[in-house]
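One-based numbering, in listed order, for ligands and for the atoms of each. Just so you know, these numbers come straight off a predicted model, no measurement behind them.
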Amino acid sequence: MIRFLLDGEVIEAEAGATDTVLDLLRYKLRRTGTKEGCAEGDCGACTVLVGDGEGWRAVNACILFAPMIDGKALKTVESLGGDHPVQREMVARHGSQCGFCTPGFVMSLYARSIGAAGTEGVPVGDVIAGNLCRCTGYGPILDAGEAAGVQGEAGPQDLPPRANPNPATADELADLLMAHPETQIVAGATDVGLWVTKQHRDLGPVVFIGDIADLRGVEESEEALTLGAAVRYSEARAALARLHPDLGELVRRIGGVQVRNSGTIGGNIANGSPIGDMPPALIALGAELTLRHGPARRTIALQDFFLSYGKQDRAPGEFVESIRVPRPEPGTLVRIVKLSKRFDSDISGVCGAFAIHIADGVVQQARIAFGGMAGIPARAPGAEAALTGKPWSAETVEAAAIALAQDYTPLDDLRASADYRRTVAANLLRRIWAEQQEPVSVRHG
Ligand SMILES: Cc1cc2nc3c(=O)[nH]c(=O)nc-3n(C[C@H](O)[C@H](O)[C@H](O)COP(=O)(O)OP(=O)(O)OC[C@H]3O[C@@H](n4cnc5c(N)ncnc54)[C@H](O)[C@@H]3O)c2cc1C
Ligand code: FES
Ligand code: FES
């Protein structure tokens, strides 16, 4: 059973560990305003707001498991009552045709209008990047969002107690996983959710770690940024952008607001995908991972965590506790570039990250890492060797670009062919050189 607040009423509902909030709303509570478009977090038709002591955040109900709202509050499109300024503006500006996507857009714009997580100071276009419409065209919807403005609203009050026990601390999680190492860890469920909705997998016993405060810390020091494994993208974005602006921009392009309000940095790493965006960026910056197994902790370089496709250096019952990202040394040229078919809300074809330390015109150290170029996120040893100890010059960069193309056996799939990936990866290094020579004319070209 789970217990949550819906429009001021405490709801108690029977729900299995991997039943989705969308199914709960539509089939049990008959709140059918929330739609199912894709069932994989892409279209935003299922957008709802979840509230807790930290405020409200828009999320995709189709990949949110019901126990993840236990002890929290929920708002659906019905909660707005039909006459909210966002709804009035959508009507006035003809922001809807068939209407299927409309509840999702309304909820995303409503989230912005109350200053919900991940929307503060964010343009309307970014706020609706996780919502798709196949008929209206986005102009009227953008206009409606602008016109509705931002009024702000307090977080939910009088939250009910959880109905289910769940580890409240990292120690409790460590004990549970030692005793039951087969337990499936779920953080934001933006990967795991799809195993259920698309692959119909039975996950067996599940533990939810998204609310464990010990895993949600964001600590900034002069030397490094340390993130708890369950820190969500929207919570980490500002600190990552302070570490380097390209990191902030990278996070902006991970999913839409709904995905960034659920997905975690730890989940992105632990999932071990060869096309996850954070690993190459964090490897290039020299990040370290702290893994926890019962009372024991070990710290490893992030790059060593990825052993081979689908295999990570993580024992049964072990979990990622935190990630430490050192601040780049002065004189380090850092660039992180994500290449995907769409700018917004798309998975990378290639994600390249470069941290090249140059002193007196000579490359002292080069760390280059790529996603999409191998079965795991991986460094480019040939290109790094071709740069290190050499003058930072067009000739050196050309030699390194040629070596870089030899460093990898890229993936060849629907996102990009192996040839394309090899070519653009080498060109990214050339581009970084060119950007330095002509910063204004070629950046973001
Ligand atoms: C629409 C959409 C768009 C997306 N766009 C992008 C994108 O642009 N770039 C990108 O890189 N990814 C993208 N993703 C993938 C996903 O959002 C990320 O990989 C996210 O970081 C996963 O985090 P999570 O908390 O949701 O992980 P979950 O789904 O909860 O878990 C993922 C895996 O990690 C394990 N895990 C989680 N936390 C820990 C831990 N602390 N210790 C050990 N194991 C753990 C889980 O057991 C599971 O195996 C997208 C997903 C969706 C649905
Ligand atoms: S139904 Fe498409 S994001 Fe949920
Ligand atoms: S109005 Fe038809 S999908 Fe948006």
Please produce the table of protein N or O atoms sitting under 3.5 Å from N or O atoms belonging to ligand 1, one pair a line, distance to 0.1 Å.
from: ligand 1; atom 1: 5 (N); to: G255; atom 2: N; distance (Å): 3.3
from: ligand 1; atom 1: 8 (O); to: G255; atom 2: N; distance (Å): 3.4
from: ligand 1; atom 1: 8 (O); to: D277; atom 2: OD2; distance (Å): 3.4
from: ligand 1; atom 1: 8 (O); to: K338; atom 2: NZ; distance (Å): 2.9
from: ligand 1; atom 1: 8 (O); to: D346; atom 2: O; distance (Å): 3.3
from: ligand 1; atom 1: 9 (N); to: D277; atom 2: OD2; distance (Å): 2.8
from: ligand 1; atom 1: 11 (O); to: N268; atom 2: ND2; distance (Å): 3.0
from: ligand 1; atom 1: 11 (O); to: D277; atom 2: N; distance (Å): 2.7
from: ligand 1; atom 1: 17 (O); to: T190; atom 2: OG1; distance (Å): 2.7
from: ligand 1; atom 1: 19 (O); to: D191; atom 2: OD2; distance (Å): 2.6
from: ligand 1; atom 1: 19 (O); to: N268; atom 2: ND2; distance (Å): 2.9
from: ligand 1; atom 1: 21 (O); to: Y233; atom 2: OH; distance (Å): 2.5
from: ligand 1; atom 1: 21 (O); to: T264; atom 2: O; distance (Å): 2.8
from: ligand 1; atom 1: 21 (O); to: N268; atom 2: N; distance (Å): 3.3
from: ligand 1; atom 1: 23 (O); to: T264; atom 2: N; distance (Å): 3.3
from: ligand 1; atom 1: 23 (O); to: T264; atom 2: O; distance (Å): 3.4
from: ligand 1; atom 1: 25 (O); to: G188; atom 2: N; distance (Å): 2.7
from: ligand 1; atom 1: 25 (O); to: T264; atom 2: N; distance (Å): 3.0
from: ligand 1; atom 1: 25 (O); to: T264; atom 2: OG1; distance (Å): 2.6
from: ligand 1; atom 1: 26 (O); to: A189; atom 2: N; distance (Å): 3.2
from: ligand 1; atom 1: 26 (O); to: T190; atom 2: N; distance (Å): 2.7
from: ligand 1; atom 1: 26 (O); to: T190; atom 2: OG1; distance (Å): 2.6
from: ligand 1; atom 1: 29 (O); to: T190; atom 2: N; distance (Å): 3.3
from: ligand 1; atom 1: 29 (O); to: D191; atom 2: N; distance (Å): 2.9
from: ligand 1; atom 1: 29 (O); to: V192; atom 2: N; distance (Å): 2.8
from: ligand 1; atom 1: 30 (O); to: A187; atom 2: N; distance (Å): 2.7
from: ligand 1; atom 1: 30 (O); to: G188; atom 2: N; distance (Å): 3.2
from: ligand 1; atom 1: 30 (O); to: A189; atom 2: N; distance (Å): 2.9
from: ligand 1; atom 1: 41 (N); to: V320; atom 2: O; distance (Å): 3.0
from: ligand 1; atom 1: 42 (N); to: V320; atom 2: N; distance (Å): 2.8
from: ligand 1; atom 1: 47 (O); to: Q184; atom 2: NE2; distance (Å): 2.8
from: ligand 1; atom 1: 47 (O); to: I185; atom 2: O; distance (Å): 2.6

Point-to-point distance, once rounded to the nearest 0.5 Å, from [atom1] of [X] to [atom2] of [Y]:
X: E219; Y: L227; atom1: CD; atom2: CG; answer: 9.5 Å
X: I275; Y: I376; atom1: CD1; atom2: CD1; answer: 14.5 Å
X: L404; Y: F370; atom1: CG; atom2: CZ; answer: 5.0 Å
X: L49; Y: K75; atom1: CG; atom2: NZ; answer: 7.0 Å

Leaving waters out, which protein N, O or S atoms fall under 2.8 Å from atom 2 (Fe) of ligand 2?
C38 SG, C43 SG

Within 45° cone and under 6.0 Å: R314 NZ/CZ vs F305 ring:
no

Would you check if the side chain of E384 reaches a backbone N or O of I368 as a donor-acceptor pair within less than 3.5 Å?
yes

Does atom CZ of R30 have more than 12 heavy-atom neighbours from other groups under 6.0 Å away?
no

For residues 123-139, run the donor-acceptor check on the side chains, cut-off 3.5 Å, and write out each pair with its distance to 0.1 Å, sequence neighbours left out.
from: D126; atom 1: OD1; to: R252; atom 2: NH2; distance (Å): 3.4
from: D126; atom 1: OD2; to: R252; atom 2: NE; distance (Å): 2.9
from: N131; atom 1: OD1; to: S108; atom 2: OG; distance (Å): 2.8
from: N131; atom 1: OD1; to: Q258; atom 2: NE2; distance (Å): 3.1
from: N131; atom 1: ND2; to: G44; atom 2: O; distance (Å): 3.2
from: N131; atom 1: ND2; to: G104; atom 2: O; distance (Å): 3.2
from: T136; atom 1: OG1; to: Q97; atom 2: N; distance (Å): 3.3
from: Y138; atom 1: OH; to: C133; atom 2: N; distance (Å): 3.0
from: Y138; atom 1: OH; to: C133; atom 2: O; distance (Å): 3.4

Pair R242 + E220: basic N to acidic O under 4.0 Å
yes

Are R112 and E120 ion-paired here, with the side-chain N under 4.0 Å from a carboxylate O?
no

Taking 2.8 Å as the strict upper bound, atom 2 (Fe) of ligand 3 has protein N, O or S neighbours numbering 2

Compute the centroid of each ring, for F105 and then for F100, and state whether the two points are separated by less than 6.0 Å.
no

Test side chain to side chain donor-acceptor pair (under 3.5 Å) on T299 and T290 and set out the steps.
CA-CA 4 Å; T299 297; T290 295; 3.2 Å; yes

Quiz question: by atom type and distance under 3.5 Å, do the side chains of S417 and D412 form a donor-acceptor pair?
no

